[in-house]
Amino acid sequence: MERHNLGKISLLTAIVMLSSSCASLHETGSNYGTAIGCIGGAALGGGLTYLLTKDAGKAIAGGLVGGLAGCVAGNAWQNREQALAKIAEEEHIAIATRSLQAQAGSGKKAVGIVAQVEDSGMFDTDSAQLSVDGLRQVRKIASVMKQDDQNGVVLIVGHTDATGNANWNQTLSENRAQSVGRVLQQAGLNPQRLYYQGAGSSRPVADNTTASGRSANRRVEIVGLANETLLKQRVEQEGSNLAYLRYGTQSSVSSTKSVSSSRQTAPVVTKAKPSGPSTNRTPVTTSSKQESVQTASLPANGKNWIDFGGQPVSRSTASLAANLKPRSRGFSLIAEANASPVTGSCLADNARVAGEAKNLASGKALDSHKTREYYAGMNGRAWAGLVNNHLVTLSPVKVLTDNATVEANPKVYITQNYQSRGNRKPDAPIAAVANAWEGEEDILYRVYLPASNEQPLSCIDLLVPKNATKAQQGQLFYSNHNSAYMAGYHPVRS
């Protein structure tokens, strides 16, 4: 028994010594890629060998082999980070890099890198054509991504700010990502291992209501990963990453109105040209004066105004999205996403539109093997609830368990004076768009209605516990076209 314990101690000591000696090869602050690779390789190699053989000697050997492999892999990703930093300095562009580590149980290993490249003149105005400077910059980046491991995969993701139409933004960002992919292919990368995706304005990393925030959101993201399995994991996680809920997709807020009414203001400006290329050129600044002129012409009470008995929205109005807890189960690429305490309601958001990741060689979407299982009560049933005597119904509600994927957008039916007058005939249905976000315990189901002076509703937020048939919490936002209001809404599956 004593010898058995000594064997365990020797194994752990060997792993720690290996990790320390490997990390000492690069002692600067930028060595975390190598260090994590060494630690992860040693821990996984030694631990797995010991579990399989129960032999401490073999486990030490396994730790040495795993640690060496981890050092090599970690060093490769670290070299790319350093090379990208050099390009950023040479080209005077912002490139933010981050190492990706795989986590399975207690083991971690460097498996990739993410580079966010700000699009400052990289593309011609309203075009997917790379500018002269952009082509030079991308060629340099391509030479870096080509280094070392040729068995890995690369995903290029295009991102825009939130000005303009969401569908146009998605198409433009996808075409730009494909253009960058072609340059990587010309540099010698295998197109079979190159993927591109257009995320449009759906994944903001900064505030779209400021010029600097919009500039940060216009970017090209380049992800290098060790294999396609990890790529699928990355794509799935980013599609429901709660970190992107920190910032809304509103592009402007009038200086003459409070933040509570931003949803009624901004869509009037940003959706005036539903198919026009009004976004993601050289930085666009929205005029507050122009906004105030447009909003001043709105009627005090639209003809479809309905009193849902709510309270005026203020800056202190709590957001349901802030209650989402990040998922922690299963294999994941770290760091984990965290819901921000400043997460806004649907008033500060527009429907988010993102495309699929496609292979550069074939043009086919990455096979993600989506499940056909639905969350409880979200398999196409209607959800209905009374709000100040008015029945508000969402139908159908269809959300897959695979990353809370919305399979069908609902229509909103409002039956006024449902109880007091015995009315059973709803008003004309309103076509809506829904997004869903998966937390550890709940689903945030967010419904966006078309921006219009005549709409009785602005948007709806529902926080639905998993495996539940009614909403735990709900917020229904509406406006008299001067001020925004919020009423509680607790629908049940009907």
Side-chain angles (χ1 to χ4, degrees), residues 245 248 258-264 301-302 304-325 339 341-349 351 375-378 381-397 399 404 410-421 423 426-427 429-430 432-437 439 441-449 455-494:
L245 271 178
S258 70
V259 70
S260 64
S261 59
S262 63
R263 184 167 178 81
Q264 285 69 49
N301 288 287
N304 289 335
W305 158 255
I306 298 174
D307 183 7
F308 290 101
Q311 298 296 319
V313 176
S314 68
R315 294 181 184 273
S316 62
T317 301
S319 167
L320 294 184
N323 296 328
L324 280 177
K325 297 178 181 178
V342 296
T343 298
S345 71
C346 57
L347 277 182
D349 213 1
Y375 281 107
M378 294 185 164
R381 303 289 292 272
W383 286 62
L386 284 169
V387 186
N388 198 31
N389 199 36
H390 307 299
L391 184 68
V392 179
T393 304
L394 310 175
S395 181
V397 176
V399 182
K411 290 184 178 179
V412 180
Y413 300 82
I414 301 174
T415 309
Q416 300 185 48
N417 304 308
Y418 182 79
Q419 285 182 315
S420 61
R421 298 182 185 176
N423 181 25
D427 297 340
I430 307 169
V433 175
N435 290 158
W437 305 80
E441 302 169 352
D442 306 284
I443 304 297
L444 176 68
Y445 188 71
R446 181 164 280 182
V447 180
Y448 309 87
L449 282 81
Q455 293 295 354
L457 292 176
S458 300
C459 60
I460 297 171
D461 273 347
L462 294 180
L463 194 64
V464 184
K466 295 179 180 178
N467 301 318
T469 56
K470 65 178 181 179
Q472 177 182 343
Q473 300 176 65
Q475 294 176 333
L476 181 149
F477 294 90
Y478 62 106
S479 172
N480 65 357
H481 306 302
N482 277 327
S483 300
Y485 293 82
M486 187 272 289
Y489 177 50
H490 306 281
V492 298
R493 183 183 66 183
S494 60

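Any value given below was found using the heavy atoms of this structure, including those in side chains, with hydrogens, waters and symmetry copies removed.
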Engineer: List the atom of Tyr445, the atom of Pro410, and the distance in Å for their closest heavy-atom pair.
Structural biologist: OH-CG, 3.5 Å
Engineer: Could you report the tightest heavy-atom contact between Leu444 and Leu320, atom names first, then the distance?
Structural biologist: CD1-CB, 4.5 Å
Engineer: Nearest 0.5 Å, please: how far is OH in Tyr375 from OG1 in Thr469?
Structural biologist: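 So the OG1 of Thr469 and the OH of Tyr375 are separated by 16.0 Å.
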Engineer: List in chain and number order the residues that pass side-chain hydrogen bond (donor to acceptor under 3.5 Å, both in side chains) with Asp427, two or more places apart in sequence or in another chain; answer none if no residue qualifies.
Structural biologist: Gln416
Engineer: What heavy-atom pair brings Ala436 and Ile443 nearest, and what distance separates the two atoms?
Structural biologist: CB-CG2, 4.2 Å
Engineer: Can a donor-acceptor pair be found, under 3.5 Å and without considering hydrogens, that links the side chain of His390 to the backbone of Thr415?
Structural biologist: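 Answer holds: no.
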Engineer: Would you find a donor on one side and an acceptor on the other, under 3.5 Å apart, between the side chain of Asn388 and the backbone of Asp307?
Structural biologist: yes
Engineer: What pair of heavy atoms forms the shortest contact from Gly344 to Ala321, and how long is it?
Structural biologist: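 So the minimum-distance heavy-atom pair works out to O-CB, 4.0 Å.
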Engineer: Can you see which heavy atom on Asp461 is nearest to which on Ser345, and at what distance?
Structural biologist: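 For Asp461 versus Ser345, the nearest heavy atoms are OD2-CA, 3.7 Å.
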Engineer: Would you say Gln475's side chain and Cys346's backbone share a donor-acceptor pair under 3.5 angstrom?
Structural biologist: no
Engineer: How far apart are the C-alpha atoms of Ile414 and Ile306, what are their side-chain angles, what is the distance that settles it, and do they pass the side chain to side chain contact (heavy atoms under 4.5 Å, CB included) test?
Structural biologist: CA-CA 10 Å; Ile414 301 174; Ile306 298 174; 3.9 Å; yes
Engineer: Taking atom OG1 of Thr393 and atom CH2 of Trp383, what is their separation to the nearest 0.5 Å?
Structural biologist: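 If I round to the nearest 0.5 Å, the distance is 12.5 Å.
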Engineer: Once rounded to the nearest 0.5 Å, what's the spacing between atom CG of Leu476 and atom CD1 of Ile460?
Structural biologist: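 Here the interatomic distance stands at 5.0 Å.
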Engineer: Kindly determine whether Arg446 and Leu245 satisfy side chain to side chain contact (heavy atoms under 4.5 Å, CB included), including the steps that lead there.
Structural biologist: CA-CA 12 Å; Arg446 181 164 280 182; Leu245 271 178; 3.9 Å; yes
Engineer: After noting the C-alpha distance and the side-chain angles of Leu462 and Leu394, does the key distance pass the side chain to side chain contact (heavy atoms under 4.5 Å, CB included) rule?
Structural biologist: CA-CA 11 Å; Leu462 294 180; Leu394 310 175; 4.0 Å; yes
Engineer: Output, in order, the C-alpha distance, side-chain angles, deciding distance and verdict of side chain to side chain contact (heavy atoms under 4.5 Å, CB included) for Val464 and Met378.
Structural biologist: CA-CA 10 Å; Val464 184; Met378 294 185 164; 3.7 Å; yes
Engineer: Rounded to the nearest 0.5 Å, what separation is found between the OG atom of Ser458 and the CG atom of Leu449?
Structural biologist: 8.0 Å
Engineer: When rounded to the nearest 0.5 angstrom, what is the spacing between OH in Tyr413 and CD1 in Ile430?
Structural biologist: 10.5 Å
Engineer: Quick check: closest heavy atoms across Ala484 and Leu347, and the distance to 0.1 Å?
Structural biologist: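 Smallest heavy-atom distance, with atoms named: CB-CD1, 4.1 Å.
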Engineer: Can you measure from CZ (Phe477) to CG (Leu457) and round to the nearest 0.5 angstrom?
Structural biologist: 11.5 Å
Engineer: Mind listing the side-chain donor-acceptor pairs of residues 487-494 below 3.5 Å, one per line with the distance, residues two or more places apart or on another chain?
Structural biologist:
residue : atom : partner : partner atom : Å
Tyr489  : OH   : Val392  : O            : 2.7
Ser494  : OG   : Ala382  : O            : 3.1

Engineer: Going by ring-ring contact (aromatic ring centres under 6.0 Å, His included), name the residues that satisfy it together with Tyr485, two or more places apart in sequence or in a different chain.
Structural biologist: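 Checked Tyr485 against ring-ring contact (aromatic ring centres under 6.0 Å, His included); matches are Tyr478.
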